[in-house]
Colleague: 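To start, I am sharing the structure in question, which I have written as structure tokens.
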Amino acid sequence: MTSPCRAFPSPGLDPAERNVSFSFTIMDQTTSQRILVVDDNSEAADISAELLELHGYRTAVAYSGMTGLEAVRSFQPHAILLDLGMPGMDGYQVAAALRAVPDFDHVALIAFTAWGDVVTRQRVIATGFDEHVIKPANLDRILAALRNALTKRERLTSAA
């Protein structure tokens, strides 16, 4: 789908040059896959969700670990992009709670954090995350992690 946009006029340009228009392409890869974004930084969570929606995912956002757990029950996501460092219930606790309930075995978990040290990486694996994305991350890295985590989780649950 192509969407027209009008550029803002620059005051120094000739009037004939002021009405410059251009087009951009919105990714038309609609999918029924639901992605929950859980992050206490509301702006980061909202932007992440909007970018994923542009790539065809259905999204929901939660701004704390506890509301994230509640959203899992109502939204039933295929994957969760989960911040680790949140006040109250952190991302590790959310992941551990989800992995303890067999009904959520199919949900792919992606740690989405600024922490990338060895201890964090080991703890992410031990807690049951499928992928680890270090912030800031470009959209291609986030999308690749989602695809990998979804594929990995599908293989694990179909083999069981």
Side-chain angles (χ1 to χ4, degrees), residues 1 3 5 24-160:
M1 171 184 344
S3 200
C5 287
F24 64 94
T25 302
I26 296 175
M27 303 307 287
D28 190 21
Q29 302 171 352
T30 52
T31 177
S32 62
Q33 290 179 316
R34 294 176 302 279
I35 310 299
L36 175 62
V37 179
V38 182
D39 197 324
D40 61 319
N41 180 332
S42 60
E43 288 180 8
D46 292 342
I47 289 169
S48 297
E50 288 175 20
L51 290 171
L52 292 171
E53 286 177 4
L54 287 174
H55 283 268
Y57 292 101
R58 292 175 44 210
T59 66
V61 173
Y63 304 118
S64 72
M66 190 58 75
T67 57
L69 278 180
E70 293 166 6
V72 170
R73 294 193 185 284
S74 59
F75 185 60
Q76 299 186 356
H78 295 92
I80 303 172
L81 203 59
L82 183 56
D83 184 28
L84 295 179
M86 295 183 289
M89 181 178 241
D90 67 24
Y92 295 113
Q93 292 168 316
V94 173
L98 291 171
R99 289 296 181 237
V101 179
D103 288 349
F104 301 124
D105 283 349
H106 69 282
V107 179
L109 300 179
I110 299 98
F112 191 45
T113 182
W115 303 337
D117 58 278
V118 173
V119 172
T120 298
R121 289 181 181 277
Q122 291 170 343
R123 191 170 173 198
V124 161
I125 292 166
T127 308
F129 282 91
D130 299 293
E131 282 282 328
H132 183 180
V133 177
I134 301 169
K135 296 177 189 176
N138 67 37
L139 184 58
D140 289 336
R141 173 65 183 113
I142 296 167
L143 293 171
L146 270 172
R147 284 189 301 271
N148 291 342
L150 288 163
T151 300
K152 177 181 179 181
R153 194 52 38 190
E154 187 178 314
R155 281 190 205 131
L156 286 172
T157 56
S158 65

Colleague: State whether a side-chain donor-acceptor pair under 3.5 Å links Asp83 with Tyr63.
Modeller: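 Side chains of Asp83 and Tyr63: no pair found under 3.5 Å.
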
Colleague: Between atom CD1 of Ile47 and atom CG of Leu139, what is the distance when rounded to the nearest 0.5 Å?
Modeller: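 Reported to 0.5 Å precision, the distance equals 12.0 Å.
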
Colleague: Keeping the roles fixed (side chain from Arg153, backbone from Asp105), state whether a donor-acceptor pair exists under 3.5 Å.
Modeller: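 Pair found, side chain donor or acceptor close to backbone of Asp105.
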
Colleague: Ignoring hydrogens, what is the shortest heavy-atom contact between Ala145 and Val133? Give both atom names and the distance.
Modeller: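 Residues Ala145 and Val133, closest heavy atoms: CB-CG2, 3.3 Å.
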
Colleague: Is Met89 atom CE crowded by more than 12 heavy atoms from other residues, nucleotides or ligands, each under 6.0 Å away?
Modeller: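 Atom CE in Met89 is packed in, count exceeds 12.
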
Colleague: Roughly how far, to the nearest 0.5 Å, is OG1 of Thr67 from CE of Met86?
Modeller: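 So the CE of Met86 and the OG1 of Thr67 are separated by 8.0 Å.
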
Colleague: To the nearest 0.5 Å, what is the distance between NE2 (His55) and CD1 (Ile35)?
Modeller: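 Result: 12.5 Å between the selected atoms.
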
Colleague: Below 4.5 Å, heavy atoms only, C-beta onward: do Thr127 and Arg99 meet side chain to side chain?
Modeller: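 No. Closest side-chain heavy atoms not under 4.5 Å.
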
Colleague: Hey, does the side chain of Arg34 reach the backbone of His78 with a donor-acceptor pair shorter than 3.5 angstrom?
Modeller: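 Judged by distance alone, no pair lies under 3.5 Å.
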
Colleague: Identify the two heavy atoms, one from Ser64 and one from Val38, that lie closest to each other, and give their separation to 0.1 Å.
Modeller: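 Nearest heavy atoms, Ser64 then Val38: O-CG1, 3.5 Å.
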
Colleague: A side-chain contact here means heavy atoms from C-beta on lying under 4.5 Å apart; do Leu84 and Thr120 qualify?
Modeller: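 They are in contact (side-chain heavy atoms under 4.5 Å apart), so the answer is yes.
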
Colleague: Closest approach of Ala137 and Phe112, non-hydrogen atoms and distance?
Modeller: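 What the structure gives for the nearest pair is CB-CE1, 4.3 Å.
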
Colleague: Counting C-beta onward and ignoring hydrogens, is there a side-chain heavy-atom pair between Lys135 and Asp39 closer than 4.5 Å?
Modeller: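 Yes, at least one pair of side-chain atoms sits under 4.5 Å.
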
Colleague: Of the non-hydrogen atoms in Ala95 and Leu82, which two are nearest, and what is the gap between them?
Modeller: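 So the two residues come closest at N-CD2, 4.1 Å.
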
Colleague: I'd like to know if the side chain of His132 and the backbone of Trp115 have a donor-acceptor N/O pair within less than 3.5 Å.
Modeller: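 Indeed, once roles are kept as given, a pair shorter than 3.5 Å links the two residues.
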
Colleague: Of all the heavy-atom pairs spanning Gly116 and Ile134, show the shortest one and how long it is.
Modeller: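 So the two residues come closest at CA-CD1, 3.6 Å.
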
Colleague: Got a second to check how far Leu36's CG is from Ser74's OG, nearest 0.5 Å?
Modeller: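 It comes to 8.5 Å.
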
Colleague: How are the rings of Phe129 and Tyr92 set relative to one another: parallel (under 30°), tilted (30 to 60°) or perpendicular (over 60°)?
Modeller: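 It falls in the perpendicular class, over 60°.
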
Colleague: If you apply the rule side chain to side chain contact (heavy atoms under 4.5 Å, CB included), what do you find for Phe104 with Arg73, and how did you get there?
Modeller: CA-CA 9 Å; Phe104 301 124; Arg73 294 193 185 284; 3.7 Å; yes

Colleague: Verify side chain to side chain contact (heavy atoms under 4.5 Å, CB included) between Leu52 and Leu146, making sure each step is shown before the conclusion.
Modeller: CA-CA 10 Å; Leu52 292 171; Leu146 270 172; 3.4 Å; yes

Colleague: Just by modelled atom types, is the Asn148 backbone N or O under 3.5 Å from a matching donor or acceptor in the Thr151 side chain?
Modeller: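 No: the side chain of Thr151 does not pair with the backbone of Asn148.
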
Colleague: Going through the checks in order, is the side chain to side chain contact (heavy atoms under 4.5 Å, CB included) test met by Ile142 and Leu81?
Modeller: CA-CA 9 Å; Ile142 296 167; Leu81 203 59; 4.2 Å; yes

Colleague: Indicate the atoms forming the closest heavy-atom contact of Ile110 with Ala79, along with that distance.
Modeller: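 That would be CD1-CB, 4.1 Å.
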
Colleague: Any side-chain to backbone donor/acceptor pair from Gln93 onto Asp90? Under 3.5 Å, distance only.
Modeller: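 Checked: pair present.
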
Colleague: So, taking the atom named OG in Ser48 and the one named OH in Tyr57, what distance separates them when rounded to the nearest 0.5 Å?
Modeller: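 Rounded to the nearest 0.5 Å, the OG-OH separation comes to 13.5 Å.
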
Colleague: Decide, yes or no, whether a salt bridge links Arg141 with Glu131 under the criterion of side-chain N to carboxylate O below 4.0 Å.
Modeller: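 Counted as a salt bridge, because a side-chain N and a carboxylate O are separated by less than 4.0 Å.
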
Colleague: Salt bridge between Asp117 and Arg123, side-chain N to carboxylate O under 4.0 Å?
Modeller: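 Salt bridge: no.
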
Colleague: Any sub-3.5 Å donor-acceptor pair from Asp130's side-chain atoms to Leu109's backbone N or O?
Modeller: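 Answer holds: yes.
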
